[in-house]
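All residue numbers in this chain count up from 1 along the given sequence. These values consider heavy atoms only, across backbone and side chains, with no hydrogens, waters or symmetry-generated copies.
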Amino acid sequence: MMLKATSAKAGVRAQAARTRSVAVRAQAQDAPSAVSRALGVAAASVVAATTLFGGAAFAEADLALGKAVFDGNCAACHAGGGNNVIPDHTLQKAAIEQFLDGGFNIEAIVYQIENGKGAMPAWDGRLDEDEIAGVAAYVYDQAAGNKW
């Protein structure tokens, strides 16, 4: 039964990721209200606070939460945007573009955080949605701005 529940949950998350992807494209072309309708209030908090998604101008509060989550959970392996397990799989934009399934975008980063891969643990169930969204925004912003 647990396998079926986990599989169903993965399907729901995959559909949510597809929905977020469509919504982000709509936000780039349309008003932020289109994103809010597509994502819902909780998931839209990071995107709604974005003035220019491609440039990742996230709200300071989202980035502050993301940094706190990163420092408390991710920095053990990814200090300074590095990777002490697989050295060339850093959090630099070029490495994310090359190695992250889905490429350099917020949805792929969220998916990786939630599900993990290889030595990276899945954080879904350990971090809440706001923490996952915040750390994804932080990683995206750091990489996009070459801030690591």
Side-chain angles (χ1 to χ4, degrees), residues 1-25 27-28 32 35-36 38-50 52-148:
M1 288 303 250
M2 186 59 145
L3 182 58
K4 285 185 179 182
T6 302
S7 178
K9 185 176 181 183
V12 168
R13 291 214 179 268
Q15 179 59 40
R18 286 189 292 275
T19 300
R20 285 191 297 259
S21 179
V22 169
V24 167
R25 285 192 298 273
Q27 190 266 347
V35 176
S36 296
L39 297 178
V41 174
S45 62
V46 171
V47 178
T50 303
L52 178 62
F53 196 80
F58 295 101
E60 291 300 319
D62 295 325
L63 294 178
L65 172 63
K67 182 178 181 348
V69 172
F70 185 90
D71 289 347
N73 297 282
C74 312
C77 295
H78 294 289
N83 185 328
N84 65 19
V85 178
I86 305 173
D88 61 337
H89 289 209
T90 69
L91 299 180
Q92 300 291 329
K93 182 179 179 183
I96 294 173
E97 289 170 337
Q98 181 177 358
F99 298 114
L100 184 63
D101 292 340
F104 183 70
N105 61 75
I106 199 79
E107 295 83 15
I109 296 169
V110 167
Y111 185 86
Q112 179 81 12
I113 294 166
E114 290 176 338
N115 297 287
K117 184 176 179 182
M120 182 175 164
W123 291 94
D124 186 35
R126 297 182 197 188
L127 300 176
D128 66 32
E129 287 182 20
D130 290 339
E131 291 170 322
I132 290 172
V135 77
Y138 175 73
V139 168
Y140 184 91
D141 183 70
Q142 290 291 107
N146 198 26
K147 299 176 185 178
W148 291 114

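- In terms of heavy-atom proximity, Ala108 sits nearest to Gly103 at CB-O, 3.3 Å.
- Within the structure, the side-chain hydrogen bond (donor to acceptor under 3.5 Å, both in side chains) test picks out no pair touching residues 81-93 (sequence neighbours left out).
- To the nearest 0.5 Å, the span separating CD on Gln112 from CD1 on Ile132 amounts to 12.0 Å.
- Among residues two or more places apart in sequence or in another chain, the side chain to side chain donor-acceptor pair (under 3.5 Å) test is passed with Asp101 by Lys117.
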Side-chain donor-acceptor contacts of residues 67-80 below 3.5 Å, not counting sequence neighbours, with atom names and distances?
from, atom 1, to, atom 2, distance (Å)
Lys67, NZ, Asp71, OD2, 2.7
Asn73, ND2, Val69, O, 3.0
His78, ND1, Gly82, O, 2.9

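- Under the 3.5 Å distance criterion, the side-chain polar atoms of Asn146 are left unmatched by any main-chain donor or acceptor of Ala143.
- With values rounded to the nearest 0.5 angstrom, Tyr138 atom OH is found 9.0 Å from Leu63 atom CG.
- A donor-acceptor distance shorter than 3.5 angstrom exists from the side chain of Glu131 to the backbone of Asp128, with no hydrogens or angles considered.
- Considering CG of Leu127 and CD1 of Ile113, their distance stands at 8.0 Å, rounded to 0.5 Å.
- With hydrogens and angles ignored, the 3.5 Å screen pairs no side-chain donor or acceptor of Asp141 with any backbone N or O of Ala137.
- A side-chain donor-acceptor contact under 3.5 Å links Trp148 to the backbone of Leu91.
- With rounding to the nearest 0.5 angstrom, the CG atom of Leu100 is 11.0 Å from the CD atom of Glu107.
- Within the 4.5 Å cutoff, side-chain heavy atoms of Asp130 are placed close to those of Leu65.
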